[in-house]
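Right, one structure below, let's go through it.
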Amino acid sequence: MEHLKPHVADIRRAAALLGQGQLVALPTETVYGLAASAQNPDAIRRVFSAKGRPADHPLIVHLPDLSHLQHWVSQIPPQARQLAAAFWPGPLTMVLPAAPTVSRLITGGQDTVAVRWPAHPLFQAVLDQLGHAVVAPSANPFGHISPSCASHVLRQMAGRIEAVLDGGDCRFGVESTIIDLSGPAARILRPGSISAAQLAQVLPLAQAQHGHAPRVPGALASHYAPRLPCHRFESAERARLPAGIWAEKLAFIGMAGYPAPPQPPACSFLLPADAAAYASQLYAVLHQAEASGCSRILIELPPDTPDWLHIRDRLLRASSPIGSETANTSA
Ligand code: AMP
Ligand code: MG
């Protein structure tokens, strides 16, 4: 895999590869995306095979700018204009009625399409050079931990894609908020850094969703998962954990401000008590915990409050409840 750097020549190279139908991982403000030209059916097919992603899991179309929206949707409802004015470019994906010309490869056979205009300057520079939209799911094997820096992509996608453009660490670190505007009432399908409270300042939302709707890939119970048994517990349950657990060879993921474990784990990762800072480090810590050589990952969940909803959503899918028989190891 070519490791491209944030220079003009390499931005051109990334755009040229995409124009030829190759797959290139690009940094976004959420996680690294596995980009392919949205106009090239063969390239789109290769995204599914490179990730091992089932064909009925639709892809998000990433736009060069707002003017491209009209090519992808059959109509732009007023709510989409309001949300775009408030949050684009940025980590918000809108599901809208698809234009008849949109490939069913992208929509997974549905009559809706998911669109986003990302804010990352390198992503924007590549799309400006390319001149059209790309599809860009997260640049990781299906179901596994998402990449928040170029080295995660290099390690997980070697031999499967042509290049990665290195833009350093992703700012938000968790996938975009997805809002469905194709039905009678706007509805959050996947929580993200843009919260329900922020969206509700712009338009009324259908009853808050806790978790993803079924047609969203991240909706699978196991997703974002390390290849190591990964278990979780609520802080309030700490005193009831099975005896002896702290004596195991644990990679423990906790949070600053929580009491220290009764004995020091073999590997310990303490994430900040601020949700934005926690989110930006989350996937890097899961990757490190996976590579730690420990026998399992144990996560003490952050609080069950609205600020932490998107983070808990990812952690609940990455792990199983402690004491459950089935270890959560995605292939
Ligand atoms: P990722 O694979 O991390 O890029 O996630 C892409 C997300 O966009 C998935 O959760 C998809 O299900 C969602 N998505 C894409 N198109 C649609 C659509 N037409 N309706 C609902 N969700 C969609
Ligand atoms: Mg993903």
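We count ligands from 1, going down the list as the structure has it; atoms in each ligand are counted the same way. Because the structure is predicted, anything quoted here is derived from the model rather than measured.
- Here N140 fails the criterion, with no N, O or S atom under 2.8 Å of the Mg ion (ligand 2).
- Between T107 and ligand 1, no pair of N/O atoms sits closer than 3.5 Å.
- H287 NE2 to R227 CZ: the interatomic distance, rounded to the nearest 0.5 Å, is 9.5 Å.
- Rounding to the nearest 0.5 Å gives a distance of 6.5 Å between CD1 of I297 and OG of S292.
- Using a 4.0 Å heavy-atom cutoff, H57 is absent from the residues neighbouring ligand 1.
- Of all atoms in ligand 1, listed by their number and element, those nearer than 4.0 Å to a heavy atom of I60 are 6 (C), 7 (C), 8 (O).
- Near I178, with a cut-off below 4.0 Å to any heavy atom, the atoms of ligand 1 are 7 (C), 8 (O), 10 (O), 13 (C).
- Side-chain atoms of Q20 do not come within 3.5 Å of backbone N or O of L17 as any donor-acceptor pair.
- In L59, the part holding a heavy atom less than 4.0 Å from any atom of ligand 1 is the backbone.
- Side-chain atoms of W117 come within 3.5 Å of backbone atoms of P64 as a donor-acceptor pair (strictly under, hydrogens ignored).
- If you check each of R190, R116, H223 against atom 5 (O) of ligand 1, the one with the closest non-hydrogen atom is R190.
- Not counting sequence neighbours, T177 has no partner by the side-chain hydrogen bond (donor to acceptor under 3.5 Å, both in side chains) test.
- Enclosure of atom CZ in R81 is not indicated, since only 12 or fewer non-hydrogen atoms of other residues, nucleotides or ligands lie within 6.0 angstrom.
- Electrostatic pairing of D313 and R317 counts as a salt bridge here, judged by a charged N lying under 4.0 Å from a carboxylate O.
- Between E175 and ligand 1, not a single N/O pair is under 3.5 Å apart.
- Residue T112 has at least one heavy-atom neighbour below 4.0 Å for each of these atoms of ligand 1: 18 (C), 19 (N), 20 (N).
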TODO: Mind running side-chain contact (heavy atoms from CB on, under 4.5 Å) on R190 and R314 for me, showing each step along the way?
DONE: CA-CA 10 Å; R190 178 173 75 185; R314 304 312 189 272; 3.7 Å; yes
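- Atoms of ligand 1 found under 4.0 Å from any heavy atom of A114, numbered from 1 in the order shown, are 14 (N), 15 (C), 16 (N), 17 (C).
- The shortest separation from a heavy atom of K51 to ligand 1 is not under 4.0 Å, leaving the residue out of contact.
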